[in-house]
2 protein chains.
Amino acid sequence: MARTPSGSNAYHHGDLRSALLAAADSLLEDRGVEGFTLRECARRAGVSHAAPAHHFKDVRGLLTAVAAGAFDRLTTSMHDRKALAPGDPLSQLQGAGEGYIAFALGEPQHFYLMFRCSVVNTEDEALSASGRAAFLELERPVAALHAVDDAMADANGNIDAVLLWSLVHGFAHLYLDGRVGRYSELDAATLAERVIGRTLTALGGHLPAKL
Amino acid sequence: MARTPSGSNAYHHGDLRSALLAAADSLLEDRGVEGFTLRECARRAGVSHAAPAHHFKDVRGLLTAVAAGAFDRLTTSMHDRKALAPGDPLSQLQGAGEGYIAFALGEPQHFYLMFRCSVVNTEDEALSASGRAAFLELERPVAALHAVDDAMADANGNIDAVLLWSLVHGFAHLYLDGRVGRYSELDAATLAERVIGRTLTALGGHLPAKL
DNA sequence: GAGCAATCTTTCCGTCGTCAAGATAATTTT
DNA sequence: AAAATTATCTTGACGACGGAAAGATTGCTC
């Protein structure tokens, strides 16, 4: 198993599946989703253009696997930021949001891919599992916040999760498109930190009544 | 000028540019950005596959024009909603946000296209003008809100515009991806209304100090 | 060691975007 | 009004793409 140490075997690469995923990652980073090509991916892996079909049904299958891996890294990014933050729900939410945006800015092409449902097999088991895991990182602190304040939970149900998720998701997309940069001299991370912070303090200061 | 009334002239369609734009609109709606094809577009316009080149440099040029038109309709959608709302800045913002999302849900494929910078010529003059006009519909009420409350303007600068824009943009994308539907039995419009409403009341109730 | 399954290559097909060259219609010039 | 010019559209070609089919090679199983 593992890879054949016999140098360059024309046949039976040994771990072509992993090699293709690595090639796909670098190709995606270089050319973006639109410039992604199955044949170029095979070329980078040093293999014929029909080889990937034996490991992934088609280009969609390959990109689906790439997207699943990216979701896992998104989860990690959010998780890491939360670990550095204080334990209260608001700080945890701030960390999760910043982690979300940090991943998007760090791997823009992967981030695009993950939400391009027409390019990816949304019914894939691994992909949807990784997707759910990622968003749990954001939803758990929201639930914790509501647990602290029952009135808020009753009044707003799961609105807040959707709200914060929309916020960081939209910010990431708009910033990557270069549509918010000119609005501020702040760098992306600082701007994101303030946008999330302002939202959370507003929501947090809005616990009672008022709606 | 205008179109030749002489029925089906093989040559000199008369208004092929408009016909191609119409064909592109319907094709985009049917197949999405990924399924969009210049040849199929020409087919729908009843013209050879090389004809579009005389009116649009390439497929990117055609899609750029389509995107510009879509931005104009986005502007209209926001403008119309604001016209129906009360005149106070918060209500205007609520209307603009709902109009933004209403457009996205009504023309999802066009909405996708507008923000797919790798498929569109972002340096196109008409496109960027239409884009700026659309976002002004959202930014003007924010400025009005800050004019009412100077302290807020000083403290938050243009953060609020980025915040609200990110919110509606992210919500639209996530809802279209089917990622927020299962979180609520509410239909999209109602959910959007509540998300925006909750954000605005939180921000509005957060005028003084607190940061 | 023989058969079998998995893996990879080669070849082929239809479609794509773009280019070049030719044909036709409208416009301008003379 | 006729000729020349320009704009518009078609046809045909090219290379690149994704995918399918068939053949070659290797590793696994019995």
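All values derive from a computational prediction rather than experimental measurement. FYI, side chains are in, hydrogens and waters are out, and symmetry mates aren't considered; it's all heavy atoms of this structure. Letters A, B, ... are given to chains in the order of the sequence lines, protein chains preceding strands, and every chain is numbered from 1.
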Which residues in residues 55-66 of chain B have a heavy atom closer than 4.0 Å to any atom of DNA chain D? B/His55
Salt bridge check, B/Arg116 against A/Asp177: does any charged N sit closer than 4.0 Å to a carboxylate O? no
Taken to the nearest whole Å, CZ/A/Arg17 to C1'/C/dC8 is 17 Å
Over all atoms of both residues, closest heavy-atom pair of A/Leu27 and A/Thr37: CD2-O, 3.4 Å
Going by atom types alone, do A/Glu137 and A/Thr75 pair a side-chain donor with an acceptor below 3.5 Å? no
On DNA chain D, compare the nucleotides closest to A/Thr37 and B/Leu16; which residue's is nearer the 5' end? B/Leu16
A/Thr190 and A/Asp187 side chains, donor-acceptor separation under 3.5 Å: yes
Over all strands shown, is A/Arg43 touching base, sugar-phosphate only, or nothing at heavy-atom distances under 4.0 angstrom? sugar-phosphate
Tell me if the side-chain of A/His49 makes a donor-acceptor pair with the base of D/dG18, cut-off 3.5 Å, by modelled atom types. no
Going by heavy atoms closer than 4.0 Å, what residues in residues 22-32 of chain B are next to DNA chain C? none
I need the A/Tyr112 OH to A/Leu28 CG distance, nearest 0.5 Å. 11.5 Å
CD of B/Glu40 versus C1' of C/dG14: gap in Å, rounded? 15 Å
Taking CD from A/Glu34 and C1' from C/dG17, how many angstroms apart are they, rounded to a whole number? 15 Å
In this structure, is the centre-to-centre distance between the rings of B/His110 and B/Phe103 below 6.0 Å? no
May I ask you to say whether B/Arg44 pairs ionically with B/Asp25, meaning some side-chain N is under 4.0 Å from a carboxylate O? no
Give the nucleotide from the list D/dA13, D/dG19, C/dC8 with an atom nearest to the side chain of A/Leu38. D/dG19
Over how many whole Å does the gap from B/Arg39 atom CZ to D/dA13 atom P extend? 13 Å
Nearest whole Å is fine: how far is D/dT26 P from A/His54 NE2? 15 Å
Is the gap between the ring centers of A/His169 and B/Phe171 under 6.0 Å? no
Selected nucleotide, minimal atom distance to B/Ala50 side chain, candidates C/dT9, D/dT10, D/dG19: D/dT10
Distance, rounded to the nearest Å, where A/Leu20 contributes CG and C/dT7 contributes C1': 12 Å
Looking at every heavy atom in both A/Asn121 and A/Arg60, which two are closest together, and how far apart are they? N-CG, 3.8 Å
